[in-house]
Every structure is written in structure tokens, then in C-alpha cells.
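First the structure, in the form of C-alpha cells, and then the observations on it.
What you see is a predicted model; the values in this text were computed from it and never measured. Order of listing sets the numbers, starting from 1, for every ligand and every atom in it.
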Amino acid sequence: MIKKISFTVALGLASLGALSGQKCILTGLWRNELGSKMQIQEVKGDGTFSGEYKTAVSLARRPIQPASLNGSQHFDEAGQPTFGFTVNWKSFSDSTTVFTGQCFVDENGKEILETMWLLREKAKAPNGWEATRVGTNVFTRIKGQNVDESLRGDGAR
Ligand SMILES: *[C@@H]1O[C@H](CO)[C@@H](O)[C@H](O)[C@H]1NC(C)=O
């Protein structure tokens, strides 16, 4: 009985892995709940990637411009990999944001990126209490990477 249950659990995990293993390669276009968008180019064989972030929200005085992002993700046999990236807002602001997060695939095969970020604003002096903000965002895929169009620098699927 116990053997049968653990076999079923193992089978379930294996099929979940097979399902999500194809997904969660970050290449593609993503949008979060605020309407900010990011385009991630090809994820290289070592997991590094670059792209462009178009924020929908800003406190900067200058108008919003696309900002470059650079990051790295895990390639995880079991799926649901973690990742991180930095956005350099130099095109319109002197702030920097780092994101860290994890990709999840739900039972319908839909990917979500659960993220948390820290934004450092340029302070006039050290120890500025106001200089760092923190927040969370959830991204969903707009288009690009899906099971049939895996893109990895090393050609692996
Ligand atoms: C970071 O991303 C930008 C924009 O995509 C790219 O031009 C640059 O080469 C990247 N830098 C690194 C170190 O990958």
C-alpha cells in the first residue's frame, strides 16, 4: 500500500517535471500586474540573459525610457527554477533595481514569475533611510517561449 502510494507520488512528480521542464526558460515577453513589460532575449547555455525592461511606473522626473536588464537563471531538471536580474535605469534615472524570483507552472501549464525587488535611489549621503524601496511583482508571459519554441544558447531543450 505504502509502496503503491509512493510510486504514484513519484510518477506525479516525474510528470510535473516533464511538464515544467520544458517551460520556465525566461526568453520572451512578460508583463506584470502594473503593466510593466520586459523582453528577455535568448537565455545562454550558462543561464545568463539580457533584455529590456519597460516600466509602467516611475518617480523619476525624466520621462520613462526602456532600461536594460541583465540576469541569470537556473536550468533545473525538476522545473520551477529561480533567477535574478538587475535593471539599470540610466536611460532616465540614476536608480538601480535588482529582482529575484522563481518561475512556477500551474496545472494548466501557465507560467508565472513570482518576484521580489529592491530599488536603490541615489541618496545624497550614506545611511539615507529613504534610499531603498522594496516590492513584489508577478509576471505572466505575453508571447515567446513555449514548449515548441525553446531557446537556449546550447541548443538544449
Ligand atoms: C546587458 O544587457 C544589455 C541590454 O540587453 C546588453 O547590451 C549588454 O551586453 C548586457 N551586458 C552583459 C554583461 O551581459
Side-chain angles (χ1 to χ4, degrees), residues 17-106 108-157:
L19 189 75
S20 51
Q22 299 287 341
K23 299 207 167 191
C24 286
I25 293 171
L26 268 56
T27 301
L29 185 59
W30 300 85
R31 182 183 192 279
N32 73 17
E33 72 278 20
L34 299 173
S36 298
K37 291 177 186 164
M38 61 177 177
Q39 172 82 57
I40 295 180
Q41 307 302 333
E42 181 186 23
V43 178
K44 304 216 169 68
D46 64 359
T48 58
F49 57 81
S50 61
E52 198 174 66
Y53 199 99
K54 290 177 183 158
T55 184
V57 292
S58 168
L59 288 178
R61 290 203 188 88
R62 290 161 62 196
I64 290 172
Q65 297 286 336
S68 73
L69 69 84
N70 302 84
S72 172
Q73 76 159 94
H74 284 259
F75 290 126
D76 200 327
E77 282 306 310
Q80 334 257 53
T82 63
F83 59 85
F85 60 87
T86 302
V87 185
N88 183 327
W89 304 106
K90 67 185 174 198
S91 52
F92 66 101
S93 153
D94 45 25
S95 303
T96 301
T97 299
V98 292
F99 283 81
T100 185
Q102 185 172 353
C103 179
F104 291 99
V105 182
D106 73 14
N108 301 316
K110 184 180 160 193
E111 298 153 288
I112 63 154
L113 306 180
E114 187 180 85
T115 70
M116 189 155 195
W117 51 263
L118 289 170
L119 181 153
R120 177 70 188 202
E121 199 170 83
K122 200 170 180 181
K124 292 200 171 61
N127 306 318
W129 60 268
E130 77 287 18
T132 305
R133 283 196 281 279
V134 61
T136 60
N137 284 128
V138 175
F139 292 84
T140 53
R141 192 183 283 288
I142 301 176
K143 65 179 184 194
Q145 176 69 42
N146 64 37
V147 175
D148 299 323
E149 46 188 41
S150 291
L151 273 179
R152 247 173 79 175
D154 60 1
R157 293 265 155 160

Practice problem: Starting from atom 11 (N) of ligand 1, find the nearest protein heavy-atom neighbour and note its residue, name and distance. | Solution: N70 ND2, 2.7 Å

Quiz item: Is D106 reaching over with its side chain to a backbone N or O of N108, donor-acceptor style, under 3.5 angstrom?
Solution: yes

Spatial distance of atom [atom1] ([X]) from atom [atom2] ([Y]) [nearest 0.5 Å]:
X: W89; Y: T86; atom1: CH2; atom2: OG1; result: 11.5 Å
X: I40; Y: F49; atom1: CD1; atom2: CZ; result: 4.5 Å
X: F139; Y: L34; atom1: CZ; atom2: CG; result: 8.5 Å
X: E52; Y: Q41; atom1: CD; atom2: CD; result: 8.0 Å

Quiz prompt | Under-4.0 Å protein heavy-atom contact, atom 2 (O) of ligand 1 | solution = yes

Quiz prompt | Test item: protein heavy atom less than 4.0 Å from atom 14 (O) of ligand 1 | solution = yes

Exercise. Measure L69 to ligand 1 on non-hydrogen atoms and call it side chain, backbone, both or neither using the 4.0 Å cut-off.
Key: backbone

Quiz item: Counting from 1, what ligand 1 atoms have a heavy atom of S68 closer than 4.0 Å?
Solution: 3 (C), 4 (C)

